[in-house]
K.L.:
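My structure is below; once you've seen it, I'll send some questions.
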There are 2 protein chains.
Amino acid sequence: MSERSRTNPRKSASQQRSRLTVDALLEATARILVKEGYDRASTNKVAQAAGVSIGSLYQYFPSKEALVAAVIDRHIQEMMELARDALARVRECAVETAVRELVKVMIDAHRVNPKLHRALVEQVPRVGRLENIESIDREVSELVRQYLEARRDEIGVADPAIAAFVCVTTVEALTHAAVVHRPDLLAEERADRFVDDVTRLLVQYLREPQPQRP
Amino acid sequence: MSERSRTNPRKSASQQRSRLTVDALLEATARILVKEGYDRASTNKVAQAAGVSIGSLYQYFPSKEALVAAVIDRHIQEMMELARDALARVRECAVETAVRELVKVMIDAHRVNPKLHRALVEQVPRVGRLENIESIDREVSELVRQYLEARRDEIGVADPAIAAFVCVTTVEALTHAAVVHRPDLLAEERADRFVDDVTRLLVQYLREPQPQRP
DNA sequence: ACATTATGTGAGCGGTAGCTCATATTGTGT
DNA sequence: ACACAATATGAGCTACCGCTCACATAATGT
């Protein structure tokens, strides 16, 4: 076993209990960010809330920033998974179907952990390693651009890059604002209308540009 | 003069030099927020940069939060002035003219002090008195809703409140993102196309809903 | 069973943050 | 000229922050 163990990476970089420690720390960080905000989320408090010593915290995270960055990464992963899946699913669909599906998915993505999402967006300063919250947009923009380019005949916008930017920024802003600030718009009965509106907004934009009237 | 001075508010709540002190503090705070971020903007540093003693700072602002809130208020006032003026100006205009004008104005508003705007949005935690950055949207939404309601015959959306929310959120997000993250889209020659795109996006949305094709 | 490594502990260090207060300086009305 | 209010000063207090380190305990390989 000696030779194989040297060539192969170790089965797990850590024993099980260390994974538990890390998990507890991430959960506690998220909880405290939501409940108390970034400023008041001291490392000592996080460690205590996680039921872990402050020393252990610094064994896995070299700084407070790294700790919060890990929480952000994890949260982004969860949201991106939904988005990536959806984008793959609609690659062959017509524009309207695709847009509607993506709008729905983005709403769901913002509902994965809306309180944490809000805390991350509103509390955590976008500096250094912490500016990744916006990296979603960049990756999604690229995927959407590819989709639009493949369907160039079906859409009427001159520059797919601008169109992708417009679509992604708009959907992100509307779904975020709706989930965070206007949950009433997403209540059972009204939700469909909201999705319809956003879908129409984008589909009409993507179709032929309406000729200027004299 | 004794009687009049008791009934009327004092001509100025402060002597001139105190106004200068307050101004210096606000300017310094803005400068440091931009250059160093919220975390590193300590009250001592702000006072020093303003050329004012720390004691004076606390004579006018009871806390760091209040100081930053004052900077936010002042910045919002500057942006809102543009927006309010524009809304008043286009109240009687047709939808397309109005939307185009408002898009332009929102770009200008974000250009009033883009670095400060970015710092306020990205660095300052939205807690307590500090959550006012978003109050712009609320006031503007209401004004837009009124406009849309007055032109109900010209537009095809069922719920003016939803439409106002969609329009305001979209314009704010697109202009903000463009100014802050994609200044290339606003370069001399391309800017018009961007304005056209955003205008078209909204105007088509506001017009008659396109009947579903079978 | 034992040596070795992985993991966990928490008292406490250096530093800085926000903020106070006793005192000094400047402006104002008479 | 003088009294009194308005304004300005900055040394220094408390509190907590992020973080380290010398040591203890648990798991692993042989």
Side-chain angles (χ1 to χ4, degrees), chain A residues 1-6 8-25 28-29 32-33 36-71 124-125 127-130, chain B residues 1-6 8-25 28-29 32-33 36-70 123-125 127-130:
Chain A
M1 201 229 261
S2 54
E3 277 142 28
R4 293 186 60 191
S5 66
R6 239 180 291 130
N8 293 357
R10 282 187 278 173
K11 278 169 194 167
S12 66
S14 50
Q15 302 175 351
Q16 208 180 13
R17 61 179 178 143
S18 72
R19 292 215 144 266
L20 289 178
T21 302
V22 170
D23 267 24
L25 284 168
T29 307
I32 293 190
L33 280 176
E36 315 231 24
Y38 181 81
D39 274 3
R40 284 193 252 277
S42 73
T43 51
N44 282 290
K45 208 185 279 182
V46 167
Q48 189 173 12
V52 153
S53 84
I54 180 66
S56 290
L57 187 156
Y58 280 93
Q59 202 129 105
Y60 298 104
F61 304 99
S63 68
K64 175 182 175 175
E65 195 178 308
L67 176 64
V68 175
V71 172
V124 178
V127 210
R129 285 206 54 209
L130 263 25
Chain B
M1 203 227 259
S2 56
E3 277 143 29
R4 292 187 62 192
S5 66
R6 239 181 291 130
N8 293 358
R10 281 188 278 172
K11 277 169 194 166
S12 66
S14 51
Q15 303 175 348
Q16 209 180 12
R17 61 177 177 145
S18 71
R19 291 217 144 263
L20 289 177
T21 302
V22 170
D23 266 24
L25 283 168
T29 307
I32 293 189
L33 279 177
E36 315 233 26
Y38 181 81
D39 274 4
R40 283 193 254 276
S42 73
T43 51
N44 282 289
K45 206 184 280 181
V46 167
Q48 189 173 12
V52 153
S53 83
I54 179 67
S56 291
L57 188 157
Y58 279 94
Q59 203 128 102
Y60 298 104
F61 303 100
S63 69
K64 176 181 175 175
E65 195 178 308
L67 176 64
V68 176
Q123 309 274 343
V124 178
V127 209
R129 283 209 54 208
L130 264 23

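Throughout, protein chains are lettered first and strands after them, A, B, ... in sequence-line order, and every chain is numbered starting at 1.
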K.L.:
Round to the nearest Å and state the distance from A/R19 atom CZ to C/dG8 atom C1'.
P.N.:
17 Å
K.L.:
OP1 or OP2 of D/dT7 versus the side-chain N and O atoms of B/S56: is any pair under 4.0 Å?
P.N.:
no
K.L.:
Nearest whole angstrom, please: distance from the C1' of D/dG18 to the CG of A/L25.
P.N.:
15 Å
K.L.:
Starting at atom CD of B/E65, determine the distance to atom C1' of C/dC19, rounded to an integer number of angstrom.
P.N.:
15 Å
K.L.:
Are any of A/S63's side-chain N or O atoms less than 4.0 Å away from OP1 or OP2 of D/dG18?
P.N.:
no
K.L.:
Identify the pairs formed between an N or O of the protein and an N or O of nucleotides 23-26 of chain C at a distance under 3.5 Å, and give each distance.
P.N.:
none

K.L.:
Could you report the tightest heavy-atom contact between A/K45 and A/E36, atom names first, then the distance?
P.N.:
NZ-OE1, 3.5 Å
K.L.:
Is there a side-chain contact between B/D39 and A/D39, using heavy atoms and a 4.5 Å cut-off?
P.N.:
yes
K.L.:
Take atom CD of B/Q59 and atom P of C/dG18, then tell me their distance rounded to the nearest Å.
P.N.:
19 Å
K.L.:
Can you name the nearest heavy-atom pair linking A/L130 to A/P125, along with the distance?
P.N.:
CB-O, 3.4 Å
K.L.:
Side-chain contact, heavy-atom cut-off 4.5 Å: B/V22 with B/F61?
P.N.:
yes
K.L.:
What pair of heavy atoms forms the shortest contact from B/G37 to B/Q123, and how long is it?
P.N.:
CA-OE1, 3.6 Å
K.L.:
Just how far, in rounded Å, is C1' of D/dA8 from CD of B/Q48?
P.N.:
16 Å
K.L.:
If you take all heavy atoms of B/A50 and B/A24, which pair is closest and at what distance?
P.N.:
CB-O, 3.6 Å
K.L.:
Could you report the tightest heavy-atom contact between A/L25 and A/L57, atom names first, then the distance?
P.N.:
CD1-CA, 3.8 Å
K.L.:
Between protein and nucleotides 11-17 of chain D, what N or O pairs are separated by less than 3.5 Å?
P.N.:
none

K.L.:
Would you indicate, yes or no, if C/dT7 has its OP1 or OP2 atom less than 4.0 angstrom from a side-chain nitrogen or oxygen of A/T21?
P.N.:
no
K.L.:
Step by step, work out the side chain to side chain contact (heavy atoms under 4.5 Å, CB included) result for A/Y38 and B/V127.
P.N.:
CA-CA 10 Å; A/Y38 181 81; B/V127 209; over 6 Å; no
K.L.:
Specify the separation, in whole Å, of atom CD of A/Q16 and atom C1' of D/dA26.
P.N.:
14 Å
K.L.:
What's the CG-C1' distance between B/L20 and C/dG27, to the nearest Å?
P.N.:
14 Å
K.L.:
Kindly point out which of D/dT20, C/dG8, D/dT7 is positioned nearest to the side chain of A/Y58?
P.N.:
D/dT20
K.L.:
What do you reckon, is CD of A/Q48 surrounded by more than 12 foreign heavy atoms closer than 6.0 Å?
P.N.:
no
